[in-house]
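The structure that follows is given in the form of structure tokens.
This one's a predicted model, so the numbers in the text were calculated from it and none came from an experiment. Computation of the quantities below employed the complete heavy-atom set of this structure, encompassing side-chain atoms and omitting hydrogens, waters and symmetry-equivalent molecules.
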Amino acid sequence: MRIFRTTQGIVIESDGQFFLSASSNWDSFLNREDLFQALKTEIQSLSPNGDLATLLSKETLAPIVSQEVWASGVTYLRSREARMEESKDAGGGDFYAKVYDAERPELFFKATAARTVGPGAQVLIRRDSKWNVPEPELTLCMSSSGKIIGYTIGNDMSSRDIEGENPLYLPQAKSYDASAALGPGVLVTEEPISPETVISIQIKRAGQVVFENSIQINRMKRQLPELASWLFRETSFPHGVFLMTGTGIVPPNEFTLAVGDEVCISIEGIGELVNVVGMR
């Protein structure tokens, strides 16, 4: 099943049918230990509405209200290599090699809900950066107890030149207005997501594909419950939290995003997250 936050309310999709939930509070609707079973029970009392499919194509919002967005770094080998290369002149390459092999993962605060955009909205690149890339990531949706209750798509926008200049600049390279995108909805499953699941990205410029690639999430070094458990050490999230799990897709060094680029990230079973690049 998938759930969507829209301008008209909360929509539940199950087996190709769409239902408008009786709940209007996204935070309490999402933050439930038994979310999958609760959804199955609720739709038994609802009537399917085919018009909701059209609504989803136009009025879907980011699936976040009071949650925070956190992110994981250097969870794939390709990410380790890219981070080492971009920071070698600053002497930071060893940091990324060490964290890839360390017991403790790299976790960092990414965005508030106010700095997170949904499908169809603009993601931004910084005016003081000349090397910007999207990072397509499987994103965990977790309850306030730390249980993984669903999955969505995340775009962890990154200024590689700022991070590469000095690892201490990571917050500026990663956390700014519209630097995170989530959506289109949250996939809620009875069993954990398959490790064979594929993440894909396609970037278009003036209608032409300028970059595309894909990777299976089983290429990730760390396990999803492992990342979740580290995030909840000494940190509480009363409304739940989203955790981006890192990227294994890194464009070549000569590539940088441009204003007007269209970024389409897809994950099997979850859908597509499409955003256009802007700059203030």
>> Just verifying a value: how many Å separate Leu140 CG and Ile148 CD1, rounded to the nearest 0.5 Å?
In response: 4.5 Å
> Can you check whether Ile217's main-chain N or O pairs, donor with acceptor, with Thr197's side chain at less than 3.5 Å?
Replying inline: no
> Does Asn275 use its side chain to pair, donor to acceptor, with the backbone of Gly118 at less than 3.5 Å?
Replying inline: yes
> Can you find a heavy atom in the side chain of Phe19 that is under 4.5 Å from one in the side chain of Val11?
Replying inline: no
> Among pairs that include at least one residue of residues 29-41, which meet side-chain hydrogen bond (donor to acceptor under 3.5 Å, both in side chains), considering only residues two or more places apart or in two chains?
Replying inline: Asn31-Ser144, Glu33-Ser143, Glu33-Ser145
> Taking only residues two or more places apart in sequence or in another chain, which ones pass side-chain hydrogen bond (donor to acceptor under 3.5 Å, both in side chains) with Asp51?
Replying inline: none
> Can you name the residues that form a side-chain hydrogen bond (donor to acceptor under 3.5 Å, both in side chains) with Asp156, not counting sequence neighbours?
Replying inline: Lys110, Lys174
Got a list of side-chain donor-acceptor pairs under 3.5 Å for residues 204-211, not counting sequence neighbours?
residue : atom : partner : partner atom : Å
Arg205  : NE   : Asp261  : OD1          : 2.8
Arg205  : NE   : Asp261  : OD2          : 3.3
Arg205  : NH2  : Thr256  : O            : 3.0
Arg205  : NH2  : Asp261  : OD2          : 2.7

> If you round to the nearest 0.5 Å, how far is CG of Leu224 from OG of Ser229?
Replying inline: 11.0 Å
>> Suppose the criterion is side-chain hydrogen bond (donor to acceptor under 3.5 Å, both in side chains): which pairs have a residue in residues 14-27, not counting sequence neighbours?
In response: Ser21-Glu42, Asn25-Ser28, Asp27-Ser66, Asp27-Gln67
> At what distance, to the nearest 0.5 angstrom, does CG of Asn132 lie from CD1 of Ile125?
Replying inline: 5.0 Å
Review item, side-chain donor-acceptor pairs of residues 182-192, under 3.5 Å, at least two apart:
residue : atom : partner : partner atom : Å
Thr189  : OG1  : Glu191  : O            : 2.5

>> If I take atom CD from residue Gln172 and atom CD from residue Glu163, how far apart are they, to the nearest 0.5 angstrom?
In response: 11.5 Å
>> Per the salt bridge (Lys or Arg N to Asp or Glu O under 4.0 Å) rule, what does the pair list look like for residues 210-237, sequence neighbours excluded?
In response: Asp101-Lys221, Arg222-Glu226
>> Would the distance check show the side chain of Gln216 and the main-chain N or O of Glu196 forming a donor-acceptor pair, the cut-off being under 3.5 Å?
In response: yes
>> Suppose we screen for ring-ring contact (aromatic ring centres under 6.0 Å, His included). Which residues come up paired with Phe255, at least two apart in sequence or across chains?
In response: none
> Does Phe36 have any ring-ring contact (aromatic ring centres under 6.0 Å, His included) partners at least two apart in sequence or in another chain, and if so, which?
Replying inline: none
> With sequence neighbours excluded, what pairs up with Trp230 under the side-chain hydrogen bond (donor to acceptor under 3.5 Å, both in side chains) test?
Replying inline: none
> How close do Ile215 and Gly248 get, heavy atom to heavy atom, and via which atoms?
Replying inline: CD1-O, 3.7 Å
> How would you list, by chain and number, every residue that makes a side-chain hydrogen bond (donor to acceptor under 3.5 Å, both in side chains) with Asp177, sequence neighbours excluded?
Replying inline: Arg115, Arg280
>> For Glu135, is there any backbone N or O sitting under 3.5 Å from a side-chain donor or acceptor partner on Thr247?
In response: no
>> Applying salt bridge (Lys or Arg N to Asp or Glu O under 4.0 Å) as the test, list every pair that has at least one member in residues 262-272; sequence neighbours left out.
In response: none
> Can any side-chain N or O of Ser175 pair as donor or acceptor with the backbone N or O of Phe109 at less than 3.5 Å?
Replying inline: yes
> Does the pair Leu61 and Thr7 meet the rule for a side chain to side chain contact (heavy atoms under 4.5 Å, CB included), with working shown?
Replying inline: CA-CA 7 Å; Leu61 305 171; Thr7 58; 4.0 Å; yes
